[in-house]
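Below is one structure, written out as structure tokens; comments come after it.
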Amino acid sequence: MNHHHDHSQDRSFDEGPASEYEIMSRAMQELLIERGIITAEEVRRRMEQFDADFPYRGPRVIAHAWGDPAFKARLLADGKRACAEFGIDLEAERLIAVENTPDVHNVIVCTLCSCYPRALLGMPPTWYKSENYRRRVVREPRAVLAEFGTIVPEHVAVRVHDSNADMRYVVVPMRPAGTDGWSEAELARIITRDSLVGVTLPKV
Amino acid sequence: MSLPSAYTEAPARRFNVGDRVAVKAANPPGHRRTPHYIRGKRGVIERVCGVFPNPEELAYGFNGEPKRVLYRVRFQQRDLWANYSGSERDAVELEIYEHWLEPA
């Protein structure tokens, strides 16, 4: 099975000095371009292709779960199978959906690198890959969430999920009040990427 | 309990949901998927994820056999950080391979 840990890109967006892997990867790219084996244009196109390969489909699934409790139960029990019945093939990814409730707030990180549910949410945002987020959200999650504007009350437990091995995660946020009667398309519009990672809440 | 479709059955395993475990405080060289901050800490098995090729072998081009049982373990934040300031119910959950776990 494949491991998509992306070690070569881990620290690309961090402020610290480039890692050994980053230096190696850049040197390799420069050499390949210099020798005429690949072109910079090909590299750029390949990066665009990643976005096409892993489109951002999470909000449709979550909006459907909000409106259909039986589907939500199946999503929580078996994320991959539930996505498949919705027409989304997660391929090799094993998906664990974690549900926010009045008692629990969930947030996702990969402290080792940048594991992310790409098949469902596309490419990870820059902040998700930053060393700052990865180091701090397991130690002081409430402070990090507050920086995203999310204040979690003391009576709500914060649960941090470190995707450090073979599982991938998506948060099922609580459906906000005032959305009764909304269509799934309308609901999907307020389900932001960041809310599916757990650093923000959907807002009406 | 039957495992979700994406999981691989782990009929022979050492731990079950609810068991108290400790992560080994070992510090071996090489590619490890057990973060340093969790080594030596105690938690509770949250779920059994099934068996997977051993990433510590895959990382070096081997086939990952024998496969290892992977668990999700829940750790209370206050057991991890001396000065944790959030709720006492706050937790971190990680995936830990069986060979990194001991009964606690």
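Just so it is clear, the structure is predicted and the values come from calculations on it, not from any experiment. Protein chains get the first letters and strands the later ones, always in sequence-line order, with residue 1 at the start of each.
Rounding to the nearest 0.5 Å places CG of A:L95 at 5.5 Å from CG of A:L90.
With a 4.5 angstrom heavy-atom cutoff, A:H105 does not touch chain B via any of its atoms. Heavy atoms closer than 4.5 Å to chain B are found nowhere in A:V109, neither backbone nor side chain. For a residue to count as touching a neighbouring chain, one of its non-hydrogen atoms must lie under 4.5 Å from one of that chain's; by this rule B:Y37 touches chain A with the side chain only. When heavy atoms are compared at a cutoff of 4.5 Å, B:R74 approaches chain A solely by way of its side chain, counted from C-beta outward.
Chain A forms the most heavy-atom pairs under 4.5 Å with one residue out of B:N63, B:L80, B:V92, and that residue is B:V92. Highest contact tally toward chain A, considering only B:E95, B:R89, B:E88, B:H36, is held by B:E95 [criterion: heavy-atom pairs under 4.5 Å].
Using a 4.5 Å heavy-atom cutoff, the side chains of A:L196 and A:I191 are in contact. In this structure, the side chains of B:Q77 and A:V160 come closer than 4.5 Å at one or more pairs of heavy atoms.
Between the side chain of A:W66 and the backbone N or O of A:A188, no donor-acceptor pair lies under 3.5 Å.
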Quick one: side chains of residues 29-38 of chain A, donor-acceptor pairs under 3.5 Å with protein atoms, not counting sequence neighbours, listed by atom name and distance.
none

